[in-house]
Amino acid sequence: MYFAAFRDLALRYVNAIFETPLQFAVFLAGAWFTANGVIAFGIYPDMAFGGDMHSCTIQFLGFIPVTVNGWHALFHLITGLAGLALAPTRTRALAYTGVCGPFYLLIAALGFAGGDHVVHMMAVDTFGNIVHTIEGSIVLGVGGLATITGLTHDQAPAMRSDSSRTRPHPNTIEE
């Protein structure tokens, strides 16, 4: 009984995120940020801040420096889970791009200004600030592109094939 309800909910979610490219892109961003948050918590979960702030820098793939702490992990986890939650609805997905993109750009700017931290809480490094700038720009760009191309309206083309969308409207007169 519970499995059937869960399966129906999961199928509705999957069908919803494939309604428009915007929603699928927000889903991908949410999945990416959530995965980053989970991995960062696994690397270094310390949540201290201020003068007691600690961080850990690892070499990802042997050459990419990644500096994290618990606050950095929480930042990615919250923005990721928000993306996953808002992706199924077109207007909420668009709102996510308008909030999350500028938020990532703000965090990047504060990171560049603060050096190795964002407001003495979130541990970052230059590479992380560059990545946050790219991530924020992509999320903001997806929202802007969706708005410009009209992929936020009810008439947006579907990403999945659905035979009900190809039938003529009942009030349409066929010749």
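Because the structure is a prediction, the values reported are computed rather than measured. Start at 1 with the first residue, then count along the sequence.
- Taking CD1 of I43 as the reference point, atom CG of N36 lies at 9.0 Å (rounded to 0.5 Å).
- For G80 against T34, the heavy-atom pair with the smallest separation is C-OG1, 3.0 Å.
- No donor-acceptor pair closer than 3.5 Å links the side chain of H132 to the backbone N or O of I107.
- For the atom pair L22 CG and T91 OG1, the distance stands at 9.5 Å (nearest 0.5 Å).
- Contact check for F112 versus V124: no side-chain heavy atoms found under the 4.5 Å cut-off.
- Under the 6.0 Å cut-off for aromatic ring centres, F75 and F33 do not qualify, their centroids lying 6.0 Å or more apart.
- Between Y104 and H76, the distance separating the two ring centers is shorter than 6.0 angstrom.
- Under the 4.5 Å side-chain contact rule for hydrophobic residues, L74 and V99 do not share a cluster.
- Annotation for V139 and A29: closest pair CG2-CB, 4.2 Å, computed over non-hydrogen atoms.
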Before giving the answer on side chain to side chain contact (heavy atoms under 4.5 Å, CB included), spell out for D125 and N129 the whole-Å C-alpha distance, their side-chain angles and the decisive distance to 0.1 Å. CA-CA 6 Å; D125 55 23; N129 293 328; over 6 Å; no
Could you go through the side chain to side chain contact (heavy atoms under 4.5 Å, CB included) check for V68 and F41 one step at a time? CA-CA 8 Å; V68 295; F41 264 123; over 6 Å; no
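- I138 and L86 fall within a single hydrophobic cluster, where Ile, Leu, Val, Met, Phe, Trp and Tyr side chains are chained together by heavy-atom contacts under 4.5 Å.
- F103 is not connected to L105 by any chain of hydrophobic side-chain contacts under 4.5 Å among Ile, Leu, Val, Met, Phe, Trp and Tyr, and they are in different clusters.
- The nearest pair of heavy atoms linking Q23 to A16 is NE2-O, 2.9 Å.
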Pair E135-W32, side chain to side chain contact (heavy atoms under 4.5 Å, CB included): steps then yes or no: CA-CA 10 Å; E135 290 168 336; W32 170 255; 2.8 Å; yes
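- Between T97 and L140, the shortest heavy-atom distance links the atoms O-CD1, 3.7 Å.
- The shortest non-hydrogen separation linking F27 to A87 is N-CB, 3.7 Å.
- The nearest pair of heavy atoms linking V26 to A93 is CG2-O, 3.6 Å.
- By the ring-ring contact (aromatic ring centres under 6.0 Å, His included) test, Y96 pairs with no residue at all, sequence neighbours left out.
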